[in-house]
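Here is the structure we will look at, set down as structure tokens.
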Amino acid sequence: MRKRMMQALAAALFCSALALSGWHIMDKTPVDVDGEAHDTDVLEDADRAGMDMGQTTLEEEFVSVHIPGLKHSYRFIFVSDLHVIVENDEISPDKLENVHTRRESFRTADGIYSAQLWEEMPEIFNAVDADAILLGGDMIDYASTANIGIMKEGIEKLDAPVLYVRADHDYNPYNCDGLDKKDMKTLHQSIDGYEGVSLMEFEDLCIVGLNDSTKQIKKKQLRRFKEIAALGKPIILLTHVPLESRLDTSLAEKSKKVWQDRALLWGANDYYEPNETTQVFLDMVYADDSPVKAVVCGHLHFSWEGKITEHCLQHVFSEMYSGRYGMITVDGQADTD
């Protein structure tokens, strides 16, 4: 009861903070647990007035991670799959039609384009007392100076620390034949250094970000992950591509249904089949004594939650371009599952 009251109070405070513009916010996103959809409680709409963009609806996915013995509680905002597109002269002429079509698809039901949505997010996220903001990849649809630039501008306006993992759309200059991939990586490095494995360390918790997870794990990344694991703290793993569950096939089956019979997960029987180095990394995550207590990710453009081992929760978040983002709470309570 106390936990529910605290969650309700936090939600009410957040909604009150949104009372200054034309946004509505509600926790209404269905979450798949073991392959079944369950609607979470619906918050009352919080009207705001004054934004030039009109009114739209934002939806939150509330996720709770329980790590028994943790001394502190944490709150994180999660965003992925925004696919920001800024149409300009960097786009190759023969790709303009494709870019325009994709831009039209990356917007909310209210017609708010992804780039415009991102421009408004700092004000909204700064109203939340979050310990960090986690960006889970495909934040932009292709690498360009304009797309990376607008992403950097938004990050610089955020009050909370940011951990940004990249996926293929973030660093590849798709649709821009005249741009060099190395130059795009340099632009990304100007944001946060763009490490292969990123670490955000708290007193009794580590948030670990795995970059470029549409590719095999590099040996350097594996070494760095082993160093972090040796710190002896519980880990929340932030990656773009989900991991297959060792307990059931519901996530793989749903991915196949949505993505033309492809299980877009890391696993021996999935679209992303691990090599030897990647398998070593996965075995560390799946191990009974693994420090990884939860995996948070995106990529699939739908929501799913379940356990990938008896000791590790995974939550796949919905796409942000449709107005959905995550609120993750981490505490030291016993897991009731």
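Values in this document were obtained by computation on a predicted structure and should not be read as measured data.
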With a 3.5 Å distance limit and no angle check, can you tell me whether N275 reaches the backbone of T277 through a side-chain donor-acceptor pair?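 Here the side-chain-to-backbone pair exists.
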Would H169 and H240 count as a close aromatic pair, with their ring centres under 6.0 Å?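 Ring centres of H240 and H169 not closer than 6.0 Å.
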Hey, do the aromatic rings of Y321 and F106 have their centres closer than 6.0 Å?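 Under 6.0 Å, so yes.
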Give me the atom names and distance for the closest heavy-atom approach of L117 to I112.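 Minimum heavy-atom separation between L117 and I112: N-CG2, 4.0 Å.
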List the atom of D270, the atom of L265, and the distance in Å for their closest heavy-atom pair.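 Result for this residue pair: CB-O, 3.2 Å.
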State plainly whether one hydrophobic cluster holds both Y272 and V197, where clusters connect Ile, Leu, Val, Met, Phe, Trp and Tyr through side-chain heavy atoms under 4.5 angstrom apart.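 Hydrophobic grouping puts Y272 with V197.
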Roughly how far, to the nearest 0.5 Å, is CD1 of I148 from CG of L187?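 If we round to the nearest 0.5 Å, L187:CG and I148:CD1 are 4.5 Å apart.
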Which is it for F76 and F317 under the ring-ring contact (aromatic ring centres under 6.0 Å, His included) test, yes or no, and what are the steps along the way? CA-CA 13 Å; F76 304 105; F317 283 92; over 10 Å; no
Scan E60, E59, E61 and name whichever one has a salt bridge (charged side-chain N to carboxylate O under 4.0 Å, His left out) with R324.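 Among E60, E59, E61, the one that satisfies the salt bridge (charged side-chain N to carboxylate O under 4.0 Å, His left out) with R324 is E59.
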Salt-bridged, [X] to [Y], with N to O below 4.0 Å?
{"X": "D192", "Y": "R166", "answer": "yes"}
{"X": "D141", "Y": "R103", "answer": "no"}
{"X": "K256", "Y": "E253", "answer": "no"}

Just by distance, with hydrogens left out, do N98 and N175 show a side-chain donor and acceptor under 3.5 Å apart?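 N98 vs N175: donor-acceptor pair found between side chains.
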Residues forming a side chain to side chain contact (heavy atoms under 4.5 Å, CB included) with R107, sequence neighbours excluded: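 Counting only residues at least two positions away or on another chain, R107 forms a side chain to side chain contact (heavy atoms under 4.5 Å, CB included) with E104, Y113.
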